[in-house]
There are 2 protein chains.
Amino acid sequence: MRQETIENYLKTIYNLSSNNTAVVNNQKIADRLSLNPATVTEGLRKLHELKYIVYEKSYGSRLTTSGSKLALDIIRRHRIWETYLAKELGFGWDEVHAIAEELEHVNNVKLINKLASILGNPIYDPHGDPIPDEKGKIQKSNFIKLSETKLKLNYKVMGVTDHSTTFLKYLEKHNLIIGANINVKTIEDFDNSIVLICQKKEVNISPKAADCIIVQSI
Amino acid sequence: MRQETIENYLKTIYNLSSNNTAVVNNQKIADRLSLNPATVTEGLRKLHELKYIVYEKSYGSRLTTSGSKLALDIIRRHRIWETYLAKELGFGWDEVHAIAEELEHVNNVKLINKLASILGNPIYDPHGDPIPDEKGKIQKSNFIKLSETKLKLNYKVMGVTDHSTTFLKYLEKHNLIIGANINVKTIEDFDNSIVLICQKKEVNISPKAADCIIVQSI
DNA sequence: ATTATCTTTTTGGTATACCAAAAATAATGA
DNA sequence: TCATTATTTTTGGTATACCAAAAAGATAAT
Ligand SMILES: [Mn+2]
Ligand SMILES: [Mn+2]
Ligand SMILES: [Mn+2]
Ligand SMILES: [Mn+2]
């Protein structure tokens, strides 16, 4: 199996099992990687043989210790590159993901650690996602989705779970960038859309968008 | 054909036809890319179909305008990355080639131009090789090989044609780094080995090594 | 419990990238 | 020139990464 293929599967499985405890089903992997489900079934069988995952037929996959280690390594590379592109090379948070998708496969420990060191060993990437350290350790947080917030409370934007240019440009337009302070004004009973105050302006957020914004209570 | 495969062929053909005028034979491509000659024959047939090269059976290949353009673009990416790794990220001139071999395939014009701009749009890479500009234009020089030098004359080291760690470490040991001034003391009749003075020390250079060192008369 | 609906797997098939060995072609040199 | 050697091409074959459609299995919904 090509290394790049392995890496893309493992990264996806890790991201889909959130806390790395849940079992991941094939269809979601197929969706994320834009592959036919048949291809995924084959791929998972091979990854199981390579002992990167435990794959139970018609049930799902979960990473082994070695699979988890590799996954975290790729995620580290991806997020370090995203941060370096944004902080050192002047790219926008909506541009970095696509480039990092390619750079993440360049495997050179010294290079990644050097970039990390220049950045001051950051813990979060430009989208608020945590960056694993060299040993694969991740900072854990108590962040919640904007869609789970309570009325009248104050929050700080800590991250996003959608990295698409369209979404990020949309957020920028309303000053909903990382670090922004917001106040949840009303939650519409009708469709669960959220009206919030950000920089003194009222912004109406659809439930779908609110599900992609990560905040912290302040 | 995979983009990476195309890029590796074109880069190799460009490098083997030096001034990009000579026809390149299959065996040398096979050697450089560590491929079976049969594989190369197939590859060249496909590149001809894609109009990147003109391939005459049992004779050789030469790049078309479009092939040449792509080749120069990859070479630019490779050499910009080598320079960035050396100048900005603290890697040695013996380390950068291997990493650049991977990074060169990440195709993002804005990224490469940004790196180039940070470096002050350099014209030479850490091995003294010229860096094509965005349009593919290359600085041409009057450099010669150390093996072609004349007795008693003074030269400046301008580059190397071998990028292997062993060779570069060997040169470093004798202070034969880029920019070093040397004086050709004697050329042995017996084996054409060269004795030169570099930083007041005498160094004996084999003809094979002298063939990989590029100098300029001063 | 029995459909109806997802989801996964199997089957059969394509495209790419490679190689070893044999056959053909070109180059060299006596 | 004619044989020897070097290079290139053809042939037959493997491994990987994919997909479409059919079959099987699991889940949900009445
Ligand atoms: Mn990303
Ligand atoms: Mn990110
Ligand atoms: Mn190089
Ligand atoms: Mn170089």
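Below, each value reflects all heavy atoms present in this structure, side chains not excepted, and no hydrogens, waters or symmetry copies. Computed from a prediction, not measured in an experiment: that's the story for all the values here. Letters A, B, ... are given to chains in the order of the sequence lines, protein chains preceding strands, and every chain is numbered from 1.
- Regarding Leu33(A), its CG atom lies at a distance of 9 Å from the P atom of dC18(D), rounded to whole Å.
- At least one side-chain nitrogen or oxygen of Lys57(B) sits closer than 4.0 Å to the OP1 or OP2 atom of dT10(D).
- No side-chain N or O of Asp94(B) forms a donor-acceptor pair with one of His163(B) less than 3.5 Å apart.
- The interatomic distance linking Ile29(B) (CD1) with dT8(D) (C1') rounds to 12 Å, in whole Å.
- Straight-line distance from the CG atom of Asp31(B) to the C1' atom of dT8(D): 14 Å, rounded to whole Å.
- Donor-acceptor pairing under 3.5 Å is recorded for the side chains of Arg76(B) and Asn113(B).
- For the pair Ser34(A) and Ser58(B), nearest-nucleotide mapping onto DNA chain D gives the more 5' position to Ser58(B).
- Distance, Arg45(B) CZ to dA15(C) P: 13 Å, rounded to whole Å.
- Under the 30°/60° scheme for interplanar angles, the aromatic rings of His127(B) and Trp93(B) are found to lie parallel.
- Following rounding to the nearest Å, Leu16(A) (CG) and dT7(C) (P) show an atom-to-atom distance of 14 Å.
- Within the nucleic acid shown, Tyr55(B) comes within 4.0 Å of sugar-phosphate atoms alone, with no base atom in reach, counting heavy atoms only.
- A salt bridge does not link Glu82(A) to Lys87(A): none of the charged side-chain nitrogens sits closer than 4.0 Å to a carboxylate oxygen.
- For Gln27(A) against dC6(C), no side-chain N or O and base N or O form a donor-acceptor pair under 3.5 Å.
- Nucleic acid contact for Asn36(B): base, since at least one base atom lies under 4.0 Å from a heavy atom of the residue.
- Place Thr5(A) and Gly60(B) on DNA chain D by their nearest nucleotides, and Gly60(B) ends up nearer the 5' end.
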